[in-house]
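Structure, as structure tokens:
Letters go in sequence order (proteins before strands), and every chain restarts at 1.
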Amino acid sequence: MILKRAFYDRDTVQVSRELLGKLLVHGDTSGMIVETEAYLGGDDLAAHSAAGITPRTRVIFGPPGHAYVYLSYGMHDCLNIVVDHEGSAGCVLIRALQPVGGLEIMRTRRPKAKSDRDLTSGPGKLTRALAITREHNGIDVTRGSLRIESFQGAGDFQIDVTPRIGISKAIDWPLRFLIRGNRWVSQTRLTPVAR
DNA sequence: GGTAGGATGGGCT
DNA sequence: GCCCATCCTACCC
């Protein structure tokens, strides 16, 4: 079942935790979300929205349940989901997936992957494997080809919390969430600070 | 097992 | 002109 807009129209940390175990679908490929990061509005200087409303960040300030896709380090597209109410600047970076459907398609899109773990164990890897690009910036993920669904296959799991990866500001904030023990979690910065 | 450094382009001051 | 919400390769244990 596709997640409705009300799911996203809530506190950013809460939605970041609850997106774990959900199914990200694009066309014939899909994967279970196993790692997320929360980016807040207000005084979160690591968030793109800290620069205010610009042509790039406009979508983050818009209504929840839409994709924010940006170019990272000049090479990689990264996927966020806009959350919290319109006018606030919360969003959730999708950092890793466990592949569920369309593995063969993913392998052709990431021919250099040395294992199935390599297909989607990072924010730039998973967008490549699922063919998500900046062309999807601003689209509604509560309907259409790119969407997020509940996933019975997730089963029970525990959540670990750590600081966020690859940022230089607010480096100690505990805003990275992952499914404990999952093989597809990106491996840097393992030590959890909470549950 | 681990890490150092290069690729590469857009956003913002 | 500087700063990146990354990935991959080479090289070293």
Side-chain angles (χ1 to χ4, degrees), chain A residues 8 12-13 15-17 19-20 24 29 31 33-62 64 66-84 88-99 106-138 141 146 148 160-179 183-193:
Chain A
Y8 302 102
T12 303
V13 167
V15 179
S16 299
R17 299 177 68 102
L19 277 173
L20 296 174
L24 176 66
T29 54
I33 297 170
V34 300
E35 179 179 346
T36 62
E37 282 178 356
Y39 285 87
L40 313 179
D43 58 352
D44 182 2
L45 295 180
H48 291 173
S49 58
I53 300 178
T54 68
R56 181 176 64 149
T57 63
R58 176 181 52 82
V59 63
I60 306 173
F61 292 87
H66 293 256
Y68 166 54
V69 187
Y70 70 93
L71 180 66
S72 178
Y73 291 97
M75 275 167 289
H76 308 290
D77 290 306
C78 291
L79 170 68
N80 297 251
I81 310 300
V82 176
V83 303
D84 213 329
S88 75
C91 66
V92 182
L93 173 65
I94 308 298
R95 281 197 58 89
L97 302 176
Q98 176 175 338
M106 295 188 200
R107 292 187 192 109
T108 65
R109 290 173 177 160
R110 286 191 39 76
K112 291 176 184 165
K114 292 190 283 291
S115 67
D116 284 350
R117 197 189 92 80
D118 264 349
L119 288 175
T120 51
S121 56
K125 298 177 187 178
L126 72 89
T127 55
R128 176 72 66 169
L130 270 65
I132 297 165
T133 71
R134 280 165 289 161
E135 292 182 7
H136 297 94
N137 188 47
V141 299
L146 178 61
I148 303 178
D160 282 334
V161 184
T162 81
R164 295 174 290 185
I165 305 288
I167 55 171
S168 59
K169 302 185 176 155
I171 59 174
D172 294 330
W173 292 16
L175 294 178
R176 173 173 176 249
F177 308 94
L178 54 97
I179 291 183
R183 286 181 54 213
W184 279 266
V185 166
S186 67
Q187 289 296 296
T188 40
R189 186 111 70 151
L190 275 174
T191 49
V193 297

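For A:Lys112, the listed nucleotide lying nearest its side chain is C:dC8; candidates were B:dC12, C:dC8, C:dA5. For A:Ile165, taking side-chain heavy atoms from C-beta onward, the closest of the listed nucleotides C:dT6, C:dA5, B:dC12 is C:dT6. The side chain of A:Pro123 sits closest to C:dC7 out of C:dC7, B:dG11, C:dA5. The A:Leu71 side chain lies nearest to B:dG9 when the options are B:dG9, C:dT6, B:dC12.
Both A:Arg134 and A:His76 lie near DNA chain B, and the one whose nearest nucleotide falls closer to the 5' end is A:His76. Residue order along DNA chain C, read from the 5' end via each residue's closest nucleotide, puts A:Ser49 first among A:Ser49 and A:Arg110.
Looking only at distances, a side-chain donor or acceptor of A:Thr54 sits under 3.5 Å from a matching main-chain atom of A:Thr57.
Look at B:dT8: it lacks any Watson-Crick or wobble partner with both distances under 3.5 angstrom. Nucleotide C:dA5 is matched to nothing when pairs are restricted to Watson-Crick or G-U wobble geometry with both distances under 3.5 angstrom.
Between A:Arg107 and A:Asp116 a salt bridge is recorded (basic side-chain N to carboxylate O distance below 4.0 Å).
The phosphate of B:dC12 (OP1 or OP2) has a side-chain N or O of A:Thr54 nearer than 4.0 angstrom. In this model, the phosphate group of C:dT6 is approached by a side-chain N or O of A:Arg95 to a distance below 4.0 Å at OP1 or OP2. In this model, the phosphate group of C:dA5 is approached by a side-chain N or O of A:His48 to a distance below 4.0 Å at OP1 or OP2. At the phosphate of C:dC4, OP1 or OP2 sits under 4.0 Å from a side-chain N or O atom of A:Ser168.
When the C1' atom of B:dC12 is taken as reference, atom CG of A:Leu45 falls 15 Å away, rounded to whole Å. Following rounding to the nearest Å, A:Tyr73 (OH) and B:dG11 (P) show an atom-to-atom distance of 16 Å. One atom, CZ of A:Arg58, and another, C1' of B:dC12, lie 17 Å apart when rounded to the nearest Å. One interatomic measurement links the two molecules: CG of A:Leu79 to P of C:dA5, which rounds to 16 Å at whole-angstrom precision. Between A:Arg117 atom CZ and C:dC7 atom C1' the separation is 13 Å, expressed in whole Å. Rounded to whole angstrom, the span from the CD1 atom of A:Ile167 across to the C1' atom of C:dT6 amounts to 14 Å. In this structure, A:Lys114 atom NZ and C:dA10 atom P are separated by 10 Å, rounded to whole Å. In this structure, A:Asn137 places its CG atom 16 Å from P of C:dA5, rounding to the nearest Å.
Looking only at side-chain heavy atoms (C-beta outward), A:Leu178 and A:Trp184 stay at 4.5 Å or farther from each other. Annotation: side chain of A:Leu79 is in contact with side chain of A:Leu24 (closest heavy-atom distance under 4.5 Å).
The base of C:dA5 is paired with the side chain of A:Tyr70 by a donor and an acceptor separated by under 3.5 Å.
Stacking between A:Tyr39 and C:dA5 is shown: the ring centroid lies under 5.5 Å from the centre of the six-membered base ring, and the planes differ by under 30°.
Scanning all heavy atoms of the two residues, the minimum distance from A:Val92 to A:Thr12 falls at CG2-O, 4.2 Å. Between A:Val83 and A:Ser88 the shortest heavy-atom distance is O-OG, 4.0 Å.
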